Amino acid sequence: MEKEIYRDCQRNHACCLGGYAIDGCTQFIPFNNSKTHCKACGCPRNYHRKRMARQQQSCGGVNMKQRKSKFSMGQREAMREFGEGLGWSMRNKDRQEEINRFCERTGVSRVIFKTWLNNRKKCYFKGTSSANISS
């Protein structure tokens, strides 16, 4: 079982006033033999942010932020057209090679294309369905 590490206190001391203020306690320090309250701030342990030792080692103790993909106008247009041709789904087993070739040609990885497709299909469905209803 991994050892739990409790870090900074998240207790909002100005909540009753409608504001936000934390006390600045940066690490949970157990009070005497009691492991439920912090010696530094007096708050219960559940107010402190919990981290597992494995997570801290894997990130080197630094919070890693996932990088957002940026596409050129040509890539976006090509992905939109190809997505329409696929029916906004990558489940068709017969077209997997075609999808792989498209991804290589546009310079977008298959996983990122799949994510883009899933995120965009709702907005493009709205646009196409409203256009069909009005005509």
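Keep in mind that this is a model prediction, so the values were computed, not measured.
A cation-pi arrangement is not found for Arg76 relative to Phe71, the charged atom failing to lie both closer than 6.0 Å to the ring centre and inside a 45° cone about the ring normal.
In this structure, the side chain to side chain contact (heavy atoms under 4.5 Å, CB included) partners of Arg80, at least two apart in sequence or on a different chain, are Glu77, Glu84, Trp88, Trp116, Tyr124.
In terms of heavy atoms, Leu117 sits closest to Ser89 at CD2-N, 4.0 Å.
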- Determine, step by step, whether Asn12 and Gln10 satisfy the side-chain hydrogen bond (donor to acceptor under 3.5 Å, both in side chains) criterion, reporting the C-alpha distance in whole Å, the side-chain angles of both residues, the deciding distance to 0.1 Å, and the verdict. CA-CA 6 Å; Asn12 183 1; Gln10 298 297 303; over 6 Å; no

- Intermediate values then yes/no, side chain to side chain contact (heavy atoms under 4.5 Å, CB included), Lys50 and Tyr6: CA-CA 4 Å; Lys50 185 184 346 182; Tyr6 293 89; 3.9 Å; yes

- Ile5 vs Arg7, side chain to side chain contact (heavy atoms under 4.5 Å, CB included): CA-CA, chis, key distance, verdict: CA-CA 6 Å; Ile5 298 173; Arg7 302 304 265 174; 3.6 Å; yes

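Atom NZ of Lys93 is separated from atom CZ of Arg95 by 14.5 Å, given to the nearest 0.5 angstrom. In this structure, CZ on Arg45 lies 7.5 Å from OG1 on Thr36, to the nearest 0.5 angstrom. To the nearest 0.5 Å, the span separating NE2 on His37 from CD1 on Ile29 amounts to 15.0 Å.
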Please list, one pair per line, the donor and acceptor atoms closer than 3.5 Å that link side chains of residues 99-108 to other protein atoms, with sequence neighbours excluded.
residue : atom : partner : partner atom : Å
Asn100  : OD1  : Arg110  : NH1          : 2.9
Asn100  : ND2  : Gln96   : O            : 3.4
Thr106  : OG1  : Phe102  : O            : 3.0
Thr106  : OG1  : Cys103  : O            : 3.4

Show the atom names and distances, to 0.1 Å, of all donor-acceptor pairs under 3.5 Å that link a side chain in residues 16-28 to residues at least two apart or in another chain.
residue : atom : partner : partner atom : Å
Asp23   : OD1  : Cys25   : N            : 3.0
Asp23   : OD2  : His13   : NE2          : 3.4

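A continuous path of hydrophobic side-chain contacts links Ile112 to Met79 [ILVMFWY only; heavy atoms under 4.5 Å].
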